[in-house]
Protein chains: 2
Amino acid sequence: MNILKSGWFSEVSDLWPGLALSLKVEEVLHSERSQFQEILVIKTKAHGRALILDGAIQCTEKDEFSYHEMISYLPLCSHPKPKDVLIVGGGDGGAAREIAKHPDVERITLVDIDDRVIEVCKEYLPRLSLGFSNPKVTVFVGDGFEFLRNHLGEFDVIITDSSPAEHLFKQPYYELLRASLKPNGIIASQAGTAWESMQQVQSTFQHCKTVFPVATYAVTAVPTYPTGQIGFVLGSLDSRTNFAEPMRIFSDEDLDQMEMKYYNDKVHRAAFILPRFVEKELQVAQSTN
Amino acid sequence: MNILKSGWFSEVSDLWPGLALSLKVEEVLHSERSQFQEILVIKTKAHGRALILDGAIQCTEKDEFSYHEMISYLPLCSHPKPKDVLIVGGGDGGAAREIAKHPDVERITLVDIDDRVIEVCKEYLPRLSLGFSNPKVTVFVGDGFEFLRNHLGEFDVIITDSSPAEHLFKQPYYELLRASLKPNGIIASQAGTAWESMQQVQSTFQHCKTVFPVATYAVTAVPTYPTGQIGFVLGSLDSRTNFAEPMRIFSDEDLDQMEMKYYNDKVHRAAFILPRFVEKELQVAQSTN
């Protein structure tokens, strides 16, 4: 199965062997090899524009909102007052766009290692990269590890919006996340899907659980990700945190004004309800109350 | 993109344009054209065996449990005493297998138009078709419409486990379903996904709503269906039915004994929590209480 053969882009990876999602391509808008990765932007037939890094679909305009709303508002609404937010990765700007809508958020810092992703998204994915033009947002180009080491104790919420195959998913990274949080801070990281990458989900969850007094796992639907869903690991330094019950509940009118298409407090709670086989594998005592 | 080319099966359909899921094939186990459809059974590299009808993946051994548990237990657990259950379609046996586990269910009738699907599944998909060997189950081969006309007022629950492209998804079918139910009976039908087939979801939901005093829509994750999820329309003749709150709650021990891998009462409730954009499109006043 060849990538970009016969007018389709096909996503083939050892992370989800024997399974491939393909999007029909109308036009290749941009293709380059940066210092870090292959960057590809295509115009698809039915899913708007798509950003693809090293052969893995990062987002399509059609369904990116569910990922970006959920990776942002699951942690934000679990924190009593998220003023300072750090995004590690997120070079497309989608998470920054969503986080900037939260009225308590005063400063958003985004650190992505690849400035070419940021520049390419500014040019070809303006609906996502509009996040960068919000005055709350400051962008740093560099290594997330390095950045965290130099900003200890500074953030209320840290969101890791990055591909699963990176060094950001080992335990030292979680220890660094903890050190860079303010008291009672909260983290969220992309954490793969239990249907195809249970081992990755389990190890990410264990790292988080080892480092944070409260740790849990949630999922959301993203049709153009492998298996049609993606998971998040969440950790809190505050032992009173119950991630499954949002502290901040936005009204329907608020959410309309914020142009939220996926998230509300009911969706928040439901994201923590896991199928039996996932609950057993994670041995998480999830609470719905 | 060619089906079965280069060792992959690719699912391409006008129902989800521009999107294709592919499964790596190790062996084609069976291929025939029956009176009604192309029947294909493949051994995949990573998803067990898969049944494919007219080019559409019906189920894989790896993830069929979520579909079959949910299409069965969302309606069964919404009924106070589901003794007589009818399955229209379901020729693979997976729904029958699940329904037979419910202790209140006394008789399961399955009517599928294509006896070749049933026979092929008995031979190649024994994990699903073991449903047929349960003494509660009686199989009829024939047209669902015709069968319903001859069995008015006989069933507590009717489950339509069939492909979306059929005549079973028009309003006359829903009127016939109503007529074939006992008082306070309940139906559930496969109803497509809001991400790719919103129009189909809306029209199926409207048919159901027009005919039944209580109607709603729920979703479950099925990684090898287009978009990674599938929806169900549910209808009840009992105006007191609240589908989002199960009447029958099985304990964890019960569910272990029943070998349930996906469903429990929390998963039941969460299935009715829809993303904001879906809730708006359906104009459903969902209740989580």
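Because the structure is a prediction, the values reported are computed rather than measured. In what follows, chains carry the letters A, B, and so on, assigned in the order in which the sequence lines appear, proteins first and then strands, with residues in each chain numbered from 1.
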Worksheet item: Should the ring pair B:F232 and B:Y67 be called parallel, tilted or perpendicular, given that the plane angle runs from 0 to 90° and is split at 30 and 60?
Response: tilted
Worksheet item: Using 4.0 Å as the upper bound for N to carboxylate O, is an ion pair formed by A:E64 and A:R127?
Response: no
So which residue, [options], ends up with the most heavy-atom pairs under 4.5 Å with chain A?
options	answer
B:E26, B:E196, B:Q229	B:E196
B:V222, B:L255, B:N264	B:L255
B:P223, B:S66, B:G228	B:P223

Discussion item. Applying side chain to side chain donor-acceptor pair (under 3.5 Å) as the test, list every pair that has at least one member in residues 69-78 of chain A; sequence neighbours left out.
Written reply: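 Output for this query is empty, none listed.
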Item to complete: Please indicate whether A:E38 has more than 12 foreign heavy atoms, meaning atoms of other residues, nucleotides or ligands, lying under 6.0 Å from its CD.
Response: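 Yes, CD of A:E38 has more than 12 neighbouring heavy atoms, counting only those of other groups under 6.0 Å.
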Taking side chain as everything from C-beta outward and backbone as N, CA, C, O, which of these in [X] sits under 4.5 Å from a heavy atom of chain A? Side chain, backbone, both or neither.
X	value
B:K24	both
B:T193	neither
B:F65	side chain
B:D265	neither

Worksheet entry | Closest non-hydrogen atom pair, A:A20 against A:V12 |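 Distance-wise, the nearest heavy atoms are CB-CG2, 4.1 Å.
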Discussion item. What residues of residues 94-105 of chain A make heavy-atom contacts with chain B at a cutoff under 4.5 angstrom?
Written reply: none
Discussion item. Counting heavy-atom pairs under 4.5 Å with chain B, which one of A:Y225, A:Y262, A:F277 comes out on top?
Written reply: A:Y262
Worksheet item: Picking from A:L23, A:L19, A:L21, A:V267, which has the most non-hydrogen pairs under 4.5 angstrom with chain B?
Response: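 Maximum pair count with chain B is reached by A:L19.
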Can you find a heavy atom in the side chain of [X] that is under 4.5 Å from one in the side chain of [Y]?
X	Y	result
B:R276	A:D252	yes
A:I39	A:L53	yes
A:V25	A:K45	no
A:D161	A:H68	yes

Worksheet entry | Working for salt bridge (charged side-chain N to carboxylate O under 4.0 Å, His left out), residues B:D256 and A:K280 | CA-CA 11 Å; B:D256 280 343; A:K280 287 192 176 199; 2.5 Å; yes
